[in-house]
Amino acid sequence: MTTQKGSLFILKAGDGATPVENFTTVGGVITATMTINIQPTDITNLESGEWRNLQTGVGTKFINISGTGLFTDSDSEEIIRNSAFSNIIRNYRIIFGNQDYRQGPFQITS
């Protein structure tokens with residue numbers, strides 16, 4: 001679990017354009033909790049004996065982010081509201097203070 005200052009945690013929403021997607025800053029996050037989960041793929045079979053076998057390098061990975069913050073403007077707020085109410089999965093980019101980022105399809109659930 002990681003907590004970062006809002007000025008060091010920026011959320012951007014993609015516009016879905018191809019081949020180059022443009023990202024617009026939606027807002028800064030004041031407080032955030034991020035949980036990264038990796039669930040391995042179990043390949044246990046009758047020949048495994050007493051041991052469980054897990055496949056190396058594969059599995060389900062997901063990030064759950066919860067935060068509070070400020071929208072940059074009403075258009076940014078509308079992007080998030082429409083995504084949540086319409087159950088749209090769109091690309092987001094989450095930028096950390098050291099300029100590392102995670103980008104991919106996310107769903108706004110609340």
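Scope of the values below: all heavy atoms of this structure, side chains included, with no hydrogens, waters or symmetry mates. All values reported here derive from a predicted model rather than from experimental measurement.
With sequence neighbours excluded, no residue forms a side chain to side chain contact (heavy atoms under 4.5 Å, CB included) with Val20. In terms of the salt bridge (Lys or Arg N to Asp or Glu O under 4.0 Å) criterion, Arg102 has no residue partners (sequence neighbours excluded). Listed by chain and residue number, nothing satisfies the salt bridge (Lys or Arg N to Asp or Glu O under 4.0 Å) test with Glu21 (two or more places apart in sequence, or in another chain). Considering only residues two or more places apart in sequence or on other chains, Asn22 meets the side-chain hydrogen bond (donor to acceptor under 3.5 Å, both in side chains) condition with Asp15.
In plain terms, the two heavy atoms of Asn45 and Glu47 that are nearest each other are OD1-N, 2.8 Å. Taking both residues in full, the closest heavy atoms of Asp73 and Ser76 are given as OD1-N, 2.8 Å, listed atom of the first, atom of the second, then distance.
With Arg90 contributing its side chain and Gly14 its backbone, the two residues share a donor-acceptor pair below 3.5 Å. Using modelled atom types, no side-chain atom of Thr25 and backbone atom of Lys12 make a donor-acceptor pair closer than 3.5 Å.
Side-chain atoms of Phe23 and Ile10, non-hydrogen and from C-beta on, never get closer than 4.5 Å to each other.
No continuous path of ILVMFWY side-chain contacts below 4.5 Å connects Ile89 to Val26, so the two sit in separate hydrophobic clusters.
Between atom OG1 of residue Thr72 and atom CD1 of residue Ile79 there is a gap of 8.0 Å, rounded to the nearest 0.5 Å. Here OG1 of Thr41 is found 8.5 Å from CG of Leu54. Values are rounded to the nearest 0.5 Å. Taking OG from Ser83 and CD from Glu78, the interatomic distance works out to 9.5 Å, rounded to the nearest 0.5 Å. Note that OG1 of Thr24 and CG of Leu11 are 11.0 Å apart. Values are rounded to the nearest 0.5 Å.
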Which side-chain N or O atoms in residues 103-110 pair as donor and acceptor under 3.5 Å with protein atoms at least two apart or in another chain?
from: Gln103; atom 1: OE1; to: Arg93; atom 2: NE; distance (Å): 2.7
from: Gln103; atom 1: OE1; to: Arg93; atom 2: NH2; distance (Å): 2.6
from: Gln107; atom 1: NE2; to: Asn87; atom 2: OD1; distance (Å): 2.3

Table please: side-chain donor-acceptor pairs of residues 60-69 below 3.5 Å, with sequence neighbours left out.
from: Thr68; atom 1: OG1; to: Thr31; atom 2: OG1; distance (Å): 2.9

